[in-house]
Amino acid sequence: MKFYSTKNPTYQVPLEQAVFESLPPDNGLYMPVEIPKLPADFFKNIHDKSFIEIAYTVAQSLIGDSIDAHALQQIIEEAINFPAPIKKIEENIHVLELFHGPSMAFKDFGARFMSRVMHYFLEKDKKEIDILVATSGDTGGAVALGFYDVPGINVTILYPKGKVSPLQEKQLTTLGKNITALEIDGTFDDCQKLVKTAFLDKELSKTKNLSSANSINIARLIPQTFYYFNAYAQLKKQGINGSVTFSVPSGNFGNITAGLFAAKMGLPVHHFVASTNINDEVPQYLKSGIFTPKPSKHTLSNAMDVGNPSNFERMLSIFNNNVEKMRAQISGYTFTDKDTLNTIEKVRKENHYMLCPHTAIAYAGLKEYLSTQKEPLNGIFLSSAHPCKFPNVYDEESWQQVEIPSQAKHLKEKEKQAIPMTTNYDNFKEWLMK
């Protein structure tokens, strides 16, 4: 399987190059030359397959023979070694829980898969690599834990000072070994800009073998398709048939892009809902047809505080820059912090279920969309992180109902180790060169 640049579809490279370059030289993003449709039999019998079996079939379709079949099986078994269950919240509405991995966020799927794909190629070629990753919250912890102690890989994580939750910060600043955290005095967009500038710096690329673990990297995106298929399989196993509407809490828009891949592969998707906080550039685009990136604004759903989402370029590529085609498959809804808190409280009281702030926005978006439909639809909203990661969001009564998983308990005693840094690129480059 080859991968093309969104800026120039004639520029095509094999998977290994796409994974390690992260960004093409023209500053586009890599996309599969072909997103193949899976056979009808796969969907007919999908409810009889395990999560691992589903993931392997999907991965092999997207990757082809880029990775040896036995090695790919092993990569998936190691990476996807935790569940992603759906739970019924109310009639026709289920939540897809993606927080059962080590960092308690959906990004565990991408980070763990990508670290093992990179290790496969590095071991084969006897190479080492430096990973740069910007995080607005959950990516950092997932990457830190996914890449921790993986031979041949050093990881530098950039995060915005004071704009991630205490638990998120502990996850990415307490591991040591091959993981280094930089505390940037700025926003997530500043962190992302530093990373992107470094990748395009020709002088730096001569001395450092750089790659990214953000969702700009195609190896992060591919495994995020797996749980869309698995969610559909779980519904079918319960005797619920027909297409599904997915509501996705959206920041950098990698998660919904993975869902679009799944739909192109034949998954019966009725519609996607892009649910955002007040960083709503994509919902505004869906209304006006004009995309206007802006500086990100800080909210309670911090992992979605992205003012210029990278993966929007992939979405444009999927829809051939046609806003009407995108509107036909995606609706966008925007919610404030007040809306988020009201939704958390409503679901806690009425459905006895605790939502993290990002998941609350996904639920609110799904409800908003379903209210516009004449016929009842199967709806799944994605729960992107465990509520325990956001203690400052809840009042005392709500916090008492948050169950603290074992992954979080051991972090309390660990000490933060982070290097403070400004948004000045020259300072960042100088540190990298050293």
Side-chain angles (χ1 to χ4, degrees), residues 51 54-55 58 80 82-90 92-101 103-111 136-139 142 215 220-235 243-263 267-277 282-283 301-304 306 309 311 315 329-335 340 343-344 347 351 353-370 377-387 389-390:
F51 194 1
I54 291 168
V58 174
I80 318 296
F82 50 91
I86 61 166
K87 291 185 179 175
K88 185 176 179 179
I89 299 298
E90 56 195 71
N92 298 321
I93 292 180
H94 287 75
V95 60
L96 174 60
E97 292 185 345
L98 301 174
F99 52 69
H100 293 280
S103 80
M104 299 168 289
F106 79 98
K107 296 179 181 183
D108 284 323
F109 291 93
S136 56
D138 286 328
T139 293
S215 58
R220 259 279 304 277
L221 214 57
I222 287 169
Q224 289 178 229
T225 61
F226 302 162
Y227 45 72
Y228 285 95
F229 290 94
N230 190 49
Y232 172 74
Q234 290 180 73
L235 276 186
S243 61
V244 183
T245 293
F246 288 99
S247 179
V248 187
S250 301
N252 222 8
F253 281 78
N255 212 356
I256 203 166
T257 302
L260 292 169
F261 279 23
L267 185 69
V269 177
H270 172 78
H271 203 68
F272 286 101
V273 179
S275 303
T276 75
N277 57 29
V282 173
S301 47
N302 64 298
M304 294 155 60
V306 183
N311 286 288
M315 293 167 68
Q329 200 163 4
I330 305 173
S331 296
Y333 295 98
T334 303
F335 302 94
T340 303
T343 300
I344 289 170
V347 174
N351 306 97
Y353 189 85
M354 288 300 298
L355 303 170
C356 92
H358 312 76
T359 309
I361 288 174
Y363 171 84
L366 181 59
K367 291 288 281 186
E368 194 85 23
Y369 174 76
L370 292 180
L377 298 168
N378 298 318
I380 293 178
F381 64 100
L382 275 57
S383 181
S384 56
H386 195 286
K389 301 182 86 169
F390 312 97

Open item on the list: For Val269, is there any backbone N or O sitting under 3.5 Å from a side-chain donor or acceptor partner on Ser243?
Closed with: no

Open item on the list: For a 4.5 angstrom cut-off between non-hydrogen side-chain atoms, does Ile80 reach Phe226?
Closed with: yes

Open item on the list: Testing the basics here: between Gly110 and Pro223, what is the closest heavy-atom pair and its distance to 0.1 Å?
Closed with: CA-CG, 3.5 Å

Can you list, pair by pair, the side-chain donor-acceptor contacts under 3.5 Å of residues 246-259, counting residues two or more places apart and other chains?
residue: Ser247; atom: OG; partner: Ser275; partner atom: OG; Å: 2.9
residue: Ser247; atom: OG; partner: Ala362; partner atom: O; Å: 2.6
residue: Ser250; atom: OG; partner: Val248; partner atom: O; Å: 2.8
residue: Asn252; atom: OD1; partner: Ser310; partner atom: N; Å: 2.8
residue: Asn252; atom: ND2; partner: Gln192; partner atom: OE1; Å: 3.1
residue: Asn255; atom: OD1; partner: Gln224; partner atom: NE2; Å: 3.3
residue: Asn255; atom: OD1; partner: Tyr227; partner atom: OH; Å: 2.5
residue: Thr257; atom: OG1; partner: Phe253; partner atom: O; Å: 2.6

Open item on the list: Taking the side chain as everything from C-beta on, heavy atoms only, tell me whether Asn277 gets closer than 4.5 Å to Ile361.
Closed with: yes

Open item on the list: Would you compute the distance between atom CG of Leu96 and atom CD1 of Ile86 and round it to the nearest 0.5 angstrom?
Closed with: 7.5 Å

Open item on the list: Just so I know, are the side chains of Thr139 and Arg220 near enough to count as touching, which here means a heavy-atom distance under 4.5 Å?
Closed with: yes

Open item on the list: Regarding Glu90 and Tyr363, do their side chains bring together a donor and an acceptor under 3.5 Å, going by distance alone?
Closed with: yes

- [ ] Using a 4.5 Å cut-off on heavy atoms from C-beta on, say whether the side chain of Ile93 contacts that of Phe381.
- [x] yes

Task: Heavy-atom side-chain proximity of Met315 to Asn311 below 4.5 angstrom - done: no

- [ ] Check the pair Leu377, Leu370 against side chain to side chain contact (heavy atoms under 4.5 Å, CB included), reporting the backbone distance first and the verdict last.
- [x] CA-CA 7 Å; Leu377 298 168; Leu370 292 180; 3.9 Å; yes

Task: Aromatic centroids of Phe82 and Phe109 separated by under 6.0 Å - done: yes

Open item on the list: In the structure I gave you, are the side-chain heavy atoms of His358 and Asn302 within less than 4.5 Å of one another anywhere?
Closed with: yes

TODO: State, to 0.1 Å, how close Ile380 and Ala231 come at their nearest heavy-atom pair, and which atoms those are.
DONE: CD1-CB, 3.9 Å

TODO: Could you pull out the closest heavy-atom pair between Gly365 and Tyr333, with the gap in Å?
DONE: O-CD1, 3.9 Å

Open item on the list: Keeping His94 on the side-chain end and Leu235 on the backbone end, is there a donor-acceptor pair under 3.5 Å?
Closed with: no

- [ ] Please report the shortest heavy-atom distance between Pro357 and Thr340, naming the atom on each side.
- [x] O-CG2, 3.5 Å

Open item on the list: To check you understand the geometry: which heavy-atom pair defines the closest contact between Ala274 and Pro283, and what is its length?
Closed with: O-CG, 4.3 Å

TODO: Kindly compute the distance separating NE2 (His100) from CG (Asp108), expressed to the nearest 0.5 Å.
DONE: 11.5 Å

TODO: Fit a plane to each ring of Phe99 and His386, take the angle between them on a 0 to 90° scale, and name the class: parallel (under 30°), tilted (30 to 60°) or perpendicular (over 60°).
DONE: perpendicular

Open item on the list: Test side chain to side chain contact (heavy atoms under 4.5 Å, CB included) on Ile330 and Leu260; report intermediate values, then the result.
Closed with: CA-CA 9 Å; Ile330 305 173; Leu260 292 169; 4.1 Å; yes

- [ ] Could you grab the distance from atom CZ of Phe229 to atom CG of Leu267, nearest 0.5 Å is fine?
- [x] 5.0 Å

TODO: Could you grab the distance from atom CE of Met304 to atom OG of Ser384, nearest 0.5 Å is fine?
DONE: 7.5 Å

TODO: Quick one: pull up CG in Leu366 and CG in Leu382 and give me the separation to the nearest 0.5 Å.
DONE: 10.5 Å

Task: Distance in Å, His270 NE2 paired with Tyr369 OH, rounded so as to fall on 0.5 Å steps - done: 3.5 Å

Open item on the list: Checking Thr343 against Leu355 for the side chain to side chain contact (heavy atoms under 4.5 Å, CB included) test, could you report, in this order, the C-alpha distance in whole Å, the side-chain angles of both residues, the deciding distance, and whether it holds?
Closed with: CA-CA 8 Å; Thr343 300; Leu355 303 170; 4.1 Å; yes

Open item on the list: Between Lys389 and Ser103 (side chain of the first, backbone of the second, donor and acceptor by atom type, cut-off under 3.5 Å), is there such a pair?
Closed with: yes

TODO: Return yes if some donor-acceptor pair links the side-chain N/O of Asn92 with the main-chain N/O of Gly379 below 3.5 Å, else return no.
DONE: no

- [ ] Return yes if some donor-acceptor pair links the side-chain N/O of Gln234 with the main-chain N/O of Ala84 below 3.5 Å, else return no.
- [x] yes

